Colleague: 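Can you keep this structure in mind? I'll have questions shortly.
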Amino acid sequence: MYSEKVMDHFTNPRNVGEVEHANGLGEVGNVVCGDIMRISLLVEDNIIKDVKFRTFGCAAAIATSSMVTEMVKGKTIQEALEISNKAVAEALDGLPPVKMHCSNLAADALHKAIKDYLKTA
Amino acid sequence: MRKVYLDHSATTPVRREVAKIVSEYMLDRFGNPSSIHSYGQEAKTALEKARSQVADLINADAAEIIFTSGGTEADNLAIMGVAQANATKGNHIITSAIEHHAVLDTCKELEKEGFEVTFLPVDEDGLVSLEDVKKAIKQETILITIMHANNEVGTIEPIEEIGKLAREHGIIFHTDAVQSLGKVPIDVKEMNIDLLTGSGHKIYGPKGTGFLYVRKGIKLKPRAFGGEQERKRRPGTENLPGIVGLGLAAELAGKEMEEERVNQASLRDKLIKGLRESIPHVRLNGHPHQRIPSNVNVSFAYVEGESLLLSLDACGIAASSGSACTSGTLDPSHVLLAMGLTHEMAHGSVRMTLGKDTTEEDIQYVLDNFPAIVERLRMMSPLYYQRQKESV
(Lines give C-alpha, C1' and ligand atoms only; values in the text may rest on other atoms or scores of the structure.)
Protein backbone atom coordinates (compact mmCIF):
# COMPACT_ATOMS: atom_id res chain seq x y z
CA MET A 1 0.00 0.00 0.00
CA TYR A 2 2.74 2.49 0.95
CA SER A 3 6.14 3.03 -0.69
CA GLU A 4 9.32 2.12 1.17
CA LYS A 5 10.10 5.80 1.61
CA VAL A 6 6.74 6.46 3.25
CA MET A 7 7.27 3.54 5.61
CA ASP A 8 10.79 4.77 6.37
CA HIS A 9 9.57 8.27 7.26
CA PHE A 10 6.67 6.82 9.23
CA THR A 11 8.90 4.46 11.18
CA ASN A 12 11.81 6.87 11.62
CA PRO A 13 10.32 10.33 11.32
CA ARG A 14 12.80 13.20 11.04
CA ASN A 15 12.54 16.44 13.00
CA VAL A 16 9.76 15.56 15.43
CA GLY A 17 8.99 18.13 18.08
CA GLU A 18 8.82 21.87 18.54
CA VAL A 19 11.54 24.31 17.51
CA GLU A 20 12.80 26.28 20.50
CA HIS A 21 12.34 30.04 20.04
CA ALA A 22 10.37 29.40 16.86
CA ASN A 23 9.33 32.47 14.93
CA GLY A 24 6.81 30.79 12.67
CA LEU A 25 4.01 28.34 13.49
CA GLY A 26 1.50 26.69 11.17
CA GLU A 27 -1.26 24.18 11.83
CA VAL A 28 -3.66 22.58 9.36
CA GLY A 29 -6.32 19.86 9.45
CA ASN A 30 -8.84 18.93 12.12
CA VAL A 31 -9.85 15.94 14.22
CA VAL A 32 -13.01 15.36 12.20
CA CYS A 33 -11.06 14.25 9.14
CA GLY A 34 -8.39 12.65 11.30
CA ASP A 35 -5.28 14.63 10.39
CA ILE A 36 -3.66 17.54 12.19
CA MET A 37 -0.21 18.81 11.23
CA ARG A 38 1.69 21.42 13.17
CA ILE A 39 4.96 22.86 11.92
CA SER A 40 7.21 25.23 13.84
CA LEU A 41 10.24 26.92 12.32
CA LEU A 42 13.06 29.30 13.00
CA VAL A 43 13.93 31.71 10.20
CA GLU A 44 17.13 33.70 10.26
CA ASP A 45 18.36 35.91 7.40
CA ASN A 46 15.60 34.56 5.18
CA ILE A 47 16.86 30.99 5.72
CA ILE A 48 14.94 28.22 7.47
CA LYS A 49 17.48 27.36 10.16
CA ASP A 50 15.37 24.82 11.95
CA VAL A 51 12.00 23.16 11.39
CA LYS A 52 10.07 20.55 13.36
CA PHE A 53 6.65 18.93 13.20
CA ARG A 54 4.03 17.19 15.25
CA THR A 55 1.31 15.24 13.47
CA PHE A 56 -1.84 13.41 14.47
CA GLY A 57 -2.85 11.17 11.61
CA CYS A 58 -2.17 8.18 9.43
CA ALA A 59 1.19 7.01 8.13
CA ALA A 60 0.88 9.25 5.06
CA ALA A 61 0.26 12.29 7.23
CA ILE A 62 3.29 11.53 9.40
CA ALA A 63 5.57 10.71 6.46
CA THR A 64 4.67 13.83 4.46
CA SER A 65 5.26 16.00 7.53
CA SER A 66 8.63 14.40 8.12
CA MET A 67 9.58 14.70 4.45
CA VAL A 68 8.66 18.37 4.15
CA THR A 69 10.88 19.26 7.11
CA GLU A 70 13.80 17.52 5.42
CA MET A 71 13.10 19.24 2.12
CA VAL A 72 13.14 22.80 3.47
CA LYS A 73 15.78 22.84 6.16
CA GLY A 74 18.48 25.29 5.07
CA LYS A 75 16.37 26.64 2.20
CA THR A 76 15.29 30.24 1.71
CA ILE A 77 11.67 31.00 2.50
CA GLN A 78 11.05 31.70 -1.21
CA GLU A 79 12.32 28.24 -2.11
CA ALA A 80 10.21 26.72 0.65
CA LEU A 81 7.07 28.48 -0.54
CA GLU A 82 7.51 26.88 -3.95
CA ILE A 83 7.26 23.36 -2.53
CA SER A 84 3.81 21.90 -3.18
CA ASN A 85 1.92 19.04 -1.53
CA LYS A 86 2.36 17.16 -4.80
CA ALA A 87 6.15 17.63 -4.69
CA VAL A 88 6.22 16.23 -1.16
CA ALA A 89 4.23 13.18 -2.25
CA GLU A 90 6.58 12.71 -5.21
CA ALA A 91 9.62 12.90 -2.96
CA LEU A 92 8.11 9.94 -1.08
CA ASP A 93 7.71 7.98 -4.36
CA GLY A 94 3.99 8.72 -4.33
CA LEU A 95 1.01 8.10 -2.06
CA PRO A 96 -2.06 5.91 -2.54
CA PRO A 97 -4.69 7.94 -4.49
CA VAL A 98 -7.10 8.15 -1.55
CA LYS A 99 -4.37 9.76 0.58
CA MET A 100 -3.54 12.50 -1.91
CA HIS A 101 -6.46 14.62 -0.70
CA CYS A 102 -6.93 13.89 2.96
CA SER A 103 -3.43 13.34 4.30
CA ASN A 104 -1.19 15.30 1.97
CA LEU A 105 -1.22 18.68 3.70
CA ALA A 106 2.31 19.03 4.97
CA ALA A 107 3.30 21.76 2.48
CA ASP A 108 0.17 23.69 3.50
CA ALA A 109 1.26 23.54 7.13
CA LEU A 110 4.73 24.69 6.15
CA HIS A 111 3.40 27.61 4.07
CA LYS A 112 1.17 28.61 6.96
CA ALA A 113 4.17 28.65 9.28
CA ILE A 114 6.15 30.79 6.83
CA LYS A 115 3.25 33.24 6.45
CA ASP A 116 3.02 33.40 10.22
CA TYR A 117 6.71 34.32 10.31
CA LEU A 118 6.31 36.94 7.56
CA LYS A 119 3.37 38.50 9.40
CA THR A 120 5.37 39.07 12.56
CA ALA A 121 8.80 39.67 11.03
CA MET B 1 9.34 -12.37 14.78
CA ARG B 2 6.20 -13.62 16.47
CA LYS B 3 3.04 -13.38 14.37
CA VAL B 4 -0.21 -12.73 16.20
CA TYR B 5 -3.42 -12.70 14.17
CA LEU B 6 -6.11 -10.74 16.01
CA ASP B 7 -8.54 -10.05 13.20
CA HIS B 8 -10.83 -13.08 13.40
CA SER B 9 -13.91 -10.88 12.96
CA ALA B 10 -12.57 -10.01 9.51
CA THR B 11 -11.91 -13.62 8.60
CA THR B 12 -10.59 -16.87 10.03
CA PRO B 13 -8.27 -19.53 8.64
CA VAL B 14 -10.09 -22.57 7.26
CA ARG B 15 -9.72 -25.55 9.59
CA ARG B 16 -7.61 -28.36 8.21
CA GLU B 17 -10.41 -30.91 8.45
CA VAL B 18 -12.68 -28.46 6.59
CA ALA B 19 -10.11 -27.77 3.87
CA LYS B 20 -9.74 -31.54 3.46
CA ILE B 21 -13.43 -32.18 2.90
CA VAL B 22 -13.70 -29.14 0.60
CA SER B 23 -10.96 -30.49 -1.64
CA GLU B 24 -12.56 -33.94 -1.57
CA TYR B 25 -15.77 -32.43 -2.97
CA MET B 26 -13.78 -30.59 -5.61
CA LEU B 27 -11.58 -33.45 -6.75
CA ASP B 28 -13.49 -36.69 -6.26
CA ARG B 29 -17.09 -36.09 -5.24
CA PHE B 30 -17.72 -33.37 -7.79
CA GLY B 31 -21.27 -34.26 -8.82
CA ASN B 32 -24.11 -31.80 -9.35
CA PRO B 33 -26.80 -32.35 -6.70
CA SER B 34 -29.49 -31.95 -9.38
CA SER B 35 -28.23 -34.94 -11.39
CA ILE B 36 -29.99 -38.30 -11.33
CA HIS B 37 -26.88 -40.52 -11.48
CA SER B 38 -24.81 -41.73 -8.54
CA TYR B 39 -22.46 -38.71 -8.68
CA GLY B 40 -25.46 -36.42 -8.35
CA GLN B 41 -27.06 -38.45 -5.59
CA GLU B 42 -23.86 -38.50 -3.58
CA ALA B 43 -23.67 -34.72 -3.94
CA LYS B 44 -27.32 -34.32 -2.98
CA THR B 45 -26.79 -36.39 0.17
CA ALA B 46 -23.79 -34.24 1.12
CA LEU B 47 -25.77 -31.06 0.47
CA GLU B 48 -28.59 -32.16 2.76
CA LYS B 49 -26.18 -33.29 5.45
CA ALA B 50 -24.57 -29.84 5.44
CA ARG B 51 -28.02 -28.28 5.67
CA SER B 52 -28.73 -30.30 8.82
CA GLN B 53 -25.34 -29.44 10.32
CA VAL B 54 -26.03 -25.73 9.86
CA ALA B 55 -29.63 -26.04 11.09
CA ASP B 56 -28.50 -27.84 14.25
CA LEU B 57 -26.21 -24.98 15.22
CA ILE B 58 -29.22 -22.63 15.55
CA ASN B 59 -31.94 -25.17 16.40
CA ALA B 60 -33.70 -24.76 13.06
CA ASP B 61 -35.14 -27.38 10.73
CA ALA B 62 -32.92 -28.29 7.79
CA ALA B 63 -35.62 -27.22 5.31
CA GLU B 64 -35.40 -23.69 6.72
CA ILE B 65 -31.80 -23.14 5.59
CA ILE B 66 -30.96 -21.45 2.27
CA PHE B 67 -27.31 -21.54 1.27
CA THR B 68 -25.89 -18.28 -0.10
CA SER B 69 -22.53 -16.87 -1.14
CA GLY B 70 -22.05 -15.31 2.28
CA GLY B 71 -23.45 -12.91 4.86
CA THR B 72 -23.92 -9.96 2.53
CA GLU B 73 -26.04 -11.92 0.09
CA ALA B 74 -28.08 -13.43 2.93
CA ASP B 75 -28.76 -9.96 4.41
CA ASN B 76 -29.80 -8.66 1.01
CA LEU B 77 -32.05 -11.64 0.35
CA ALA B 78 -33.66 -11.40 3.80
CA ILE B 79 -34.41 -7.68 3.73
CA MET B 80 -35.24 -7.23 0.06
CA GLY B 81 -37.04 -10.53 -0.06
CA VAL B 82 -39.27 -9.85 2.94
CA ALA B 83 -39.92 -6.22 2.00
CA GLN B 84 -40.98 -7.06 -1.52
CA ALA B 85 -43.05 -10.08 -0.53
CA ASN B 86 -44.91 -8.07 2.09
CA ALA B 87 -45.18 -4.70 0.37
CA THR B 88 -48.97 -4.91 0.26
CA LYS B 89 -49.08 -5.14 4.07
CA GLY B 90 -46.93 -2.12 4.77
CA ASN B 91 -43.80 -0.21 3.84
CA HIS B 92 -42.04 0.44 7.13
CA ILE B 93 -38.80 -1.21 8.29
CA ILE B 94 -37.01 -0.81 11.64
CA THR B 95 -33.26 -1.27 11.94
CA SER B 96 -30.40 0.21 13.96
CA ALA B 97 -27.74 2.79 13.19
CA ILE B 98 -24.93 0.31 13.90
CA GLU B 99 -25.82 -2.48 11.48
CA HIS B 100 -23.30 -3.87 9.03
CA HIS B 101 -23.38 -2.06 5.69
CA ALA B 102 -24.92 -5.16 4.12
CA VAL B 103 -28.05 -4.28 6.13
CA LEU B 104 -27.76 -0.48 6.16
CA ASP B 105 -27.17 -0.09 2.45
CA THR B 106 -29.92 -2.57 1.59
CA CYS B 107 -32.34 -0.55 3.74
CA LYS B 108 -31.20 2.65 2.04
CA GLU B 109 -31.81 1.02 -1.31
CA LEU B 110 -35.36 0.18 -0.20
CA GLU B 111 -35.90 3.81 0.82
CA LYS B 112 -35.35 4.69 -2.84
CA GLU B 113 -38.10 2.21 -3.74
CA GLY B 114 -40.57 3.97 -1.45
CA PHE B 115 -40.06 2.09 1.81
CA GLU B 116 -39.70 4.03 5.02
CA VAL B 117 -36.84 3.01 7.30
CA THR B 118 -36.30 3.91 10.97
CA PHE B 119 -32.65 3.74 12.01
CA LEU B 120 -32.70 3.36 15.78
CA PRO B 121 -29.98 5.01 17.86
CA VAL B 122 -27.85 3.11 20.37
CA ASP B 123 -26.53 4.00 23.80
CA GLU B 124 -22.87 4.57 24.68
CA ASP B 125 -22.30 0.81 24.97
CA GLY B 126 -23.82 0.17 21.57
CA LEU B 127 -27.11 -1.25 22.84
CA VAL B 128 -30.44 -0.81 21.07
CA SER B 129 -33.21 -0.03 23.56
CA LEU B 130 -36.31 -2.18 23.61
CA GLU B 131 -38.35 0.94 24.39
CA ASP B 132 -37.09 2.59 21.20
CA VAL B 133 -38.08 -0.45 19.16
CA LYS B 134 -41.53 -0.41 20.77
CA LYS B 135 -42.00 3.28 20.02
CA ALA B 136 -40.90 2.88 16.40
CA ILE B 137 -43.47 0.17 15.63
CA LYS B 138 -46.48 1.33 13.66
CA GLN B 139 -49.31 -0.06 11.56
CA GLU B 140 -47.16 -0.17 8.42
CA THR B 141 -44.16 -1.94 10.02
CA ILE B 142 -43.43 -5.20 8.20
CA LEU B 143 -39.85 -5.96 9.21
CA ILE B 144 -37.45 -5.42 12.10
CA THR B 145 -33.81 -6.18 11.37
CA ILE B 146 -31.37 -5.86 14.28
CA MET B 147 -27.98 -7.58 14.42
CA HIS B 148 -27.21 -10.16 17.09
CA ALA B 149 -23.65 -9.02 17.84
CA ASN B 150 -22.02 -5.92 16.43
CA ASN B 151 -19.05 -6.60 14.17
CA GLU B 152 -16.96 -3.67 15.40
CA VAL B 153 -17.54 -3.47 19.14
CA GLY B 154 -18.93 -6.93 19.88
CA THR B 155 -21.98 -5.72 21.82
CA ILE B 156 -24.73 -8.35 21.97
CA GLU B 157 -28.16 -6.88 21.29
CA PRO B 158 -31.28 -7.99 23.19
CA ILE B 159 -32.63 -9.86 20.19
CA GLU B 160 -34.67 -12.35 22.15
CA GLU B 161 -36.78 -9.53 23.57
CA ILE B 162 -36.92 -7.71 20.24
CA GLY B 163 -37.98 -10.95 18.58
CA LYS B 164 -40.73 -11.43 21.15
CA LEU B 165 -41.96 -7.90 20.60
CA ALA B 166 -41.97 -8.39 16.84
CA ARG B 167 -43.86 -11.66 17.16
CA GLU B 168 -46.51 -10.02 19.38
CA HIS B 169 -47.07 -7.37 16.74
CA GLY B 170 -47.07 -9.78 13.81
CA ILE B 171 -43.89 -8.20 12.41
CA ILE B 172 -41.17 -10.29 10.77
CA PHE B 173 -37.83 -10.27 12.62
CA HIS B 174 -34.46 -10.73 10.93
CA THR B 175 -31.09 -10.77 12.66
CA ASP B 176 -27.60 -10.66 11.19
CA ALA B 177 -25.76 -13.21 13.33
CA VAL B 178 -22.52 -13.29 11.34
CA GLN B 179 -20.46 -12.23 14.37
CA SER B 180 -22.22 -14.30 17.01
CA LEU B 181 -22.68 -17.59 15.16
CA GLY B 182 -20.63 -20.32 16.77
CA LYS B 183 -19.54 -17.95 19.55
CA VAL B 184 -22.67 -17.68 21.66
CA PRO B 185 -25.69 -20.00 21.70
CA ILE B 186 -28.45 -19.24 19.21
CA ASP B 187 -31.86 -20.86 19.29
CA VAL B 188 -34.09 -19.44 16.59
CA LYS B 189 -37.19 -20.94 18.18
CA GLU B 190 -36.59 -19.66 21.70
CA MET B 191 -35.37 -16.30 20.43
CA ASN B 192 -38.37 -15.71 18.14
CA ILE B 193 -36.19 -15.26 15.08
CA ASP B 194 -37.86 -15.41 11.66
CA LEU B 195 -34.75 -14.92 9.54
CA LEU B 196 -31.08 -15.21 10.45
CA THR B 197 -27.90 -14.52 8.49
CA GLY B 198 -24.74 -16.58 8.96
CA SER B 199 -21.36 -16.69 7.25
CA GLY B 200 -18.87 -19.52 6.75
CA HIS B 201 -15.52 -17.76 6.80
CA LYS B 202 -16.03 -16.30 10.28
CA ILE B 203 -16.30 -19.82 11.73
CA TYR B 204 -13.22 -21.39 10.12
CA GLY B 205 -15.14 -22.32 7.00
CA PRO B 206 -14.49 -21.30 3.40
CA LYS B 207 -14.98 -17.76 2.07
CA GLY B 208 -17.89 -17.38 -0.30
CA THR B 209 -20.20 -19.48 1.86
CA GLY B 210 -23.09 -18.48 4.06
CA PHE B 211 -26.74 -19.07 4.71
CA LEU B 212 -30.07 -17.53 5.47
CA TYR B 213 -32.42 -19.22 7.90
CA VAL B 214 -36.03 -18.55 6.94
CA ARG B 215 -38.69 -19.79 9.32
CA LYS B 216 -41.31 -22.00 7.73
CA GLY B 217 -44.20 -19.89 6.50
CA ILE B 218 -42.25 -16.63 6.02
CA LYS B 219 -42.82 -15.21 2.56
CA LEU B 220 -39.69 -14.27 0.67
CA LYS B 221 -39.36 -12.94 -2.85
CA PRO B 222 -36.21 -14.35 -4.48
CA ARG B 223 -33.51 -12.07 -5.85
CA ALA B 224 -32.41 -14.44 -8.62
CA PHE B 225 -34.27 -16.67 -11.04
CA GLY B 226 -33.46 -19.69 -13.14
CA GLY B 227 -33.56 -22.98 -11.28
CA GLU B 228 -35.19 -25.18 -8.68
CA GLN B 229 -32.28 -25.11 -6.24
CA GLU B 230 -32.84 -24.00 -2.63
CA ARG B 231 -36.61 -24.25 -3.22
CA LYS B 232 -36.35 -21.60 -5.93
CA ARG B 233 -35.32 -19.03 -3.34
CA ARG B 234 -31.70 -19.06 -4.41
CA PRO B 235 -31.40 -20.77 -7.77
CA GLY B 236 -28.13 -21.74 -9.42
CA THR B 237 -25.90 -24.80 -9.08
CA GLU B 238 -24.88 -25.10 -5.44
CA ASN B 239 -21.31 -24.33 -4.33
CA LEU B 240 -21.13 -27.86 -2.99
CA PRO B 241 -17.49 -27.93 -1.83
CA GLY B 242 -18.07 -24.68 0.03
CA ILE B 243 -21.39 -25.81 1.47
CA VAL B 244 -19.95 -29.09 2.70
CA GLY B 245 -17.11 -27.11 4.30
CA LEU B 246 -19.59 -24.72 5.90
CA GLY B 247 -21.57 -27.66 7.25
CA LEU B 248 -18.56 -29.25 8.91
CA ALA B 249 -17.34 -25.88 10.23
CA ALA B 250 -20.79 -25.28 11.75
CA GLU B 251 -20.85 -28.69 13.42
CA LEU B 252 -17.37 -28.23 14.91
CA ALA B 253 -18.17 -24.67 16.02
CA GLY B 254 -21.17 -26.01 17.91
CA LYS B 255 -19.15 -28.75 19.58
CA GLU B 256 -16.40 -26.40 20.73
CA MET B 257 -18.51 -23.37 21.54
CA GLU B 258 -18.67 -23.73 25.30
CA GLU B 259 -14.94 -24.34 25.70
CA GLU B 260 -14.03 -21.52 23.30
CA ARG B 261 -16.38 -19.10 25.01
CA VAL B 262 -14.66 -19.58 28.33
CA ASN B 263 -11.11 -19.54 26.91
CA GLN B 264 -11.51 -16.54 24.67
CA ALA B 265 -13.46 -14.51 27.22
CA SER B 266 -10.65 -15.01 29.71
CA LEU B 267 -7.98 -13.94 27.20
CA ARG B 268 -10.17 -11.03 26.11
CA ASP B 269 -10.48 -9.80 29.67
CA LYS B 270 -6.75 -10.17 30.25
CA LEU B 271 -6.07 -8.06 27.16
CA ILE B 272 -8.54 -5.34 28.13
CA LYS B 273 -7.26 -5.21 31.70
CA GLY B 274 -3.62 -5.17 30.61
CA LEU B 275 -4.12 -2.34 28.11
CA ARG B 276 -5.99 -0.25 30.66
CA GLU B 277 -3.31 -0.75 33.26
CA SER B 278 -0.33 -0.01 31.04
CA ILE B 279 -1.64 2.83 28.85
CA PRO B 280 -3.33 6.03 30.05
CA HIS B 281 -6.31 7.62 28.25
CA VAL B 282 -7.81 4.37 26.92
CA ARG B 283 -11.52 3.78 26.40
CA LEU B 284 -13.12 0.38 26.02
CA ASN B 285 -15.67 0.51 23.21
CA GLY B 286 -18.74 -1.71 23.41
CA HIS B 287 -20.59 -3.21 26.32
CA PRO B 288 -18.36 -4.17 29.27
CA HIS B 289 -19.99 -7.61 29.74
CA GLN B 290 -22.66 -8.13 27.13
CA ARG B 291 -20.19 -8.72 24.29
CA ILE B 292 -18.96 -11.68 22.27
CA PRO B 293 -16.02 -13.48 23.88
CA SER B 294 -13.63 -12.70 21.04
CA ASN B 295 -13.93 -8.91 20.78
CA VAL B 296 -11.69 -6.19 22.18
CA ASN B 297 -12.23 -2.68 20.88
CA VAL B 298 -10.36 0.20 22.46
CA SER B 299 -9.73 3.84 21.62
CA PHE B 300 -6.49 5.60 22.41
CA ALA B 301 -6.79 9.35 22.76
CA TYR B 302 -4.42 11.60 20.77
CA VAL B 303 -3.39 8.98 18.18
CA GLU B 304 -4.86 7.75 14.93
CA GLY B 305 -5.86 4.18 14.15
CA GLU B 306 -4.05 3.54 10.90
CA SER B 307 -0.75 4.60 12.44
CA LEU B 308 -1.45 2.21 15.31
CA LEU B 309 -2.28 -0.66 12.93
CA LEU B 310 0.87 -0.20 10.86
CA SER B 311 2.98 0.00 14.02
CA LEU B 312 1.34 -3.17 15.36
CA ASP B 313 1.84 -4.86 11.99
CA ALA B 314 5.54 -4.01 12.16
CA CYS B 315 5.58 -6.09 15.38
CA GLY B 316 3.72 -8.93 13.68
CA ILE B 317 0.35 -8.10 15.23
CA ALA B 318 -2.67 -7.99 12.87
CA ALA B 319 -5.63 -5.89 14.03
CA SER B 320 -8.18 -3.50 12.51
CA SER B 321 -9.49 0.00 13.19
CA GLY B 322 -12.56 2.21 12.86
CA SER B 323 -10.43 5.10 11.67
CA ALA B 324 -11.43 6.80 8.43
CA CYS B 325 -8.03 6.01 6.97
CA THR B 326 -8.71 2.30 7.14
CA SER B 327 -12.28 2.37 5.85
CA GLY B 328 -11.50 3.91 2.49
CA THR B 329 -13.95 6.73 3.21
CA LEU B 330 -13.53 10.14 4.80
CA ASP B 331 -15.56 9.22 7.87
CA PRO B 332 -14.58 7.09 10.82
CA SER B 333 -16.72 4.15 11.95
CA HIS B 334 -20.48 4.80 11.85
CA VAL B 335 -20.80 2.44 14.82
CA LEU B 336 -18.46 4.40 17.09
CA LEU B 337 -19.99 7.73 16.08
CA ALA B 338 -23.50 6.34 16.77
CA MET B 339 -22.26 5.35 20.25
CA GLY B 340 -21.37 8.98 20.85
CA LEU B 341 -17.59 8.82 20.50
CA THR B 342 -15.87 11.98 19.36
CA HIS B 343 -14.24 11.89 15.94
CA GLU B 344 -10.85 11.85 17.62
CA MET B 345 -11.66 8.77 19.69
CA ALA B 346 -13.28 7.04 16.72
CA HIS B 347 -10.15 7.68 14.64
CA GLY B 348 -8.04 6.28 17.46
CA SER B 349 -9.86 2.96 17.75
CA VAL B 350 -8.32 -0.47 17.41
CA ARG B 351 -10.26 -3.72 17.19
CA MET B 352 -8.56 -6.96 18.17
CA THR B 353 -10.60 -10.11 17.67
CA LEU B 354 -9.42 -13.38 19.15
CA GLY B 355 -9.77 -16.85 17.71
CA LYS B 356 -9.60 -20.46 18.78
CA ASP B 357 -5.83 -20.56 18.25
CA THR B 358 -5.08 -17.39 20.22
CA THR B 359 -2.86 -18.17 23.20
CA GLU B 360 -1.98 -16.58 26.50
CA GLU B 361 1.50 -15.92 25.07
CA ASP B 362 -0.03 -14.07 22.12
CA ILE B 363 -1.90 -11.76 24.46
CA GLN B 364 1.19 -11.20 26.58
CA TYR B 365 3.17 -10.36 23.44
CA VAL B 366 0.57 -7.73 22.49
CA LEU B 367 0.63 -6.29 25.99
CA ASP B 368 4.44 -6.17 25.93
CA ASN B 369 4.51 -4.21 22.68
CA PHE B 370 1.45 -1.98 22.80
CA PRO B 371 2.47 0.71 25.34
CA ALA B 372 5.63 1.73 23.43
CA ILE B 373 3.68 1.98 20.16
CA VAL B 374 1.10 4.33 21.66
CA GLU B 375 3.77 6.33 23.45
CA ARG B 376 5.80 6.82 20.25
CA LEU B 377 2.79 8.10 18.32
CA ARG B 378 1.67 10.31 21.19
CA MET B 379 5.09 11.95 21.30
CA MET B 380 4.47 12.93 17.68
CA SER B 381 0.91 14.09 18.26
CA PRO B 382 0.10 17.82 18.46
CA LEU B 383 -3.04 16.93 20.42
CA TYR B 384 -1.04 15.16 23.10
CA TYR B 385 1.49 18.02 23.16
CA GLN B 386 -1.34 20.50 23.64
CA ARG B 387 -2.73 18.45 26.48
CA GLN B 388 0.65 18.16 28.20
CA LYS B 389 1.15 21.91 27.93
CA GLU B 390 -2.29 22.64 29.37
CA SER B 391 -1.92 20.26 32.27
CA VAL B 392 1.38 21.80 33.42
Side-chain angles (χ1 to χ4, degrees), chain A residues 1-20 22 25-40 52-69 95-106 109 112-113, chain B residues 1 281 299-316 318-334 336-337 341-350 369 372-390 392:
Chain A
M1 170 183 171
Y2 285 124
S3 71
E4 271 177 42
K5 274 195 189 163
V6 170
M7 287 311 288
D8 175 41
H9 277 265
F10 168 65
T11 315
N12 308 295
R14 284 65 147 172
N15 307 307
V16 176
E18 199 86 8
V19 173
E20 250 186 85
L25 190 67
E27 194 172 298
V28 295
N30 58 69
V31 282
V32 173
C33 67
D35 286 309
I36 301 175
M37 299 174 186
R38 175 189 167 97
I39 287 189
S40 59
K52 286 190 162 85
F53 81 93
R54 281 189 204 277
T55 290
F56 163 84
C58 64
I62 289 170
T64 50
S65 311
S66 167
M67 178 52 92
V68 85
T69 61
L95 290 174
V98 66
K99 300 286 183 185
M100 287 301 285
H101 302 289
C102 62
S103 309
N104 189 21
L105 303 166
K112 224 170 159 181
Chain B
M1 187 176 59
H281 317 299
S299 281
F300 301 90
Y302 317 116
V303 291
E304 191 276 333
E306 191 212 76
S307 291
L308 285 167
L309 293 193
L310 286 171
S311 306
L312 289 166
D313 193 44
C315 294
S320 71
S321 169
S323 140
C325 285
T326 59
S327 67
T329 68
L330 289 175
D331 292 314
S333 149
H334 67 287
L336 297 175
L337 293 182
L341 267 74
T342 61
H343 275 78
E344 185 202 333
M345 288 302 264
H347 282 299
S349 71
V350 173
N369 283 279
I373 287 170
V374 175
E375 180 66 14
R376 186 183 91 88
L377 293 172
R378 279 185 178 162
M379 292 320 286
M380 264 190 255
S381 166
L383 300 172
Y384 192 62
Y385 174 74
Q386 198 65 34
R387 184 191 178 276
Q388 298 295 82
K389 253 186 14 189
E390 279 161 13
V392 167

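Here the structure is a predicted model, which is why all the values come from computation and not from measurement. Order of the sequence lines sets the chain letters (A, B, ...), proteins ahead of strands, with each chain counted from 1.
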Colleague: Side chain, backbone, both or neither: which part of Ser311(B) has a non-hydrogen atom closer than 4.5 Å to chain A?
Modeller: both
Colleague: For the interface with chain B, which of Thr11(A), Val16(A), Asn30(A), Thr55(A) has the highest count of heavy-atom pairs at distances below 4.5 Å?
Modeller: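 Winner by heavy-atom pair count: Thr55(A).
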Colleague: Atom CE of residue position Met379(B) - does it have more than 12 heavy atoms of other residues, nucleotides or ligands inside 6.0 Å?
Modeller: no
Colleague: Please flag which part of Arg378(B) lies under 4.5 Å from any non-hydrogen atom of chain A: side chain, backbone, both or neither.
Modeller: neither
Colleague: Measure distances from Ile62(A) to the heavy atoms of chain B and classify the residue's part below 4.5 Å as side chain, backbone, both or neither.
Modeller: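 Answer is side chain: those atoms of Ile62(A) sit under 4.5 Å from chain B.
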Colleague: Please confirm whether the ring centroid of Phe300(B) lies under 6.0 Å from the ring centroid of His281(B).
Modeller: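 No; His281(B) has its ring centre 6.0 Å or more from that of Phe300(B).
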Colleague: Taking Arg14(A) first and then Asp8(A), would you say they form a salt bridge - that is, a charged N and a carboxylate O separated by under 4.0 Å?
Modeller: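 A salt bridge is present here (some side-chain N lies under 4.0 Å from a carboxylate O).
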Colleague: For Asp313(B), what residues pass the salt bridge (Lys or Arg N to Asp or Glu O under 4.0 Å) criterion, not counting sequence neighbours?
Modeller: none
Colleague: Return the set of residues passing salt bridge (Lys or Arg N to Asp or Glu O under 4.0 Å) with Arg387(B) (not counting sequence neighbours), or none when no residue passes.
Modeller: none
Colleague: Considering only heavy atoms, which portion of Tyr384(B) lies under 4.5 Å from any heavy atom of chain A: side chain, backbone, both, or neither?
Modeller: neither
Colleague: For the interface with chain A, which of Leu310(B), Leu383(B), Leu308(B) has the highest count of heavy-atom pairs at distances below 4.5 Å?
Modeller: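 Counting heavy-atom pairs under 4.5 Å, the top option is Leu383(B).
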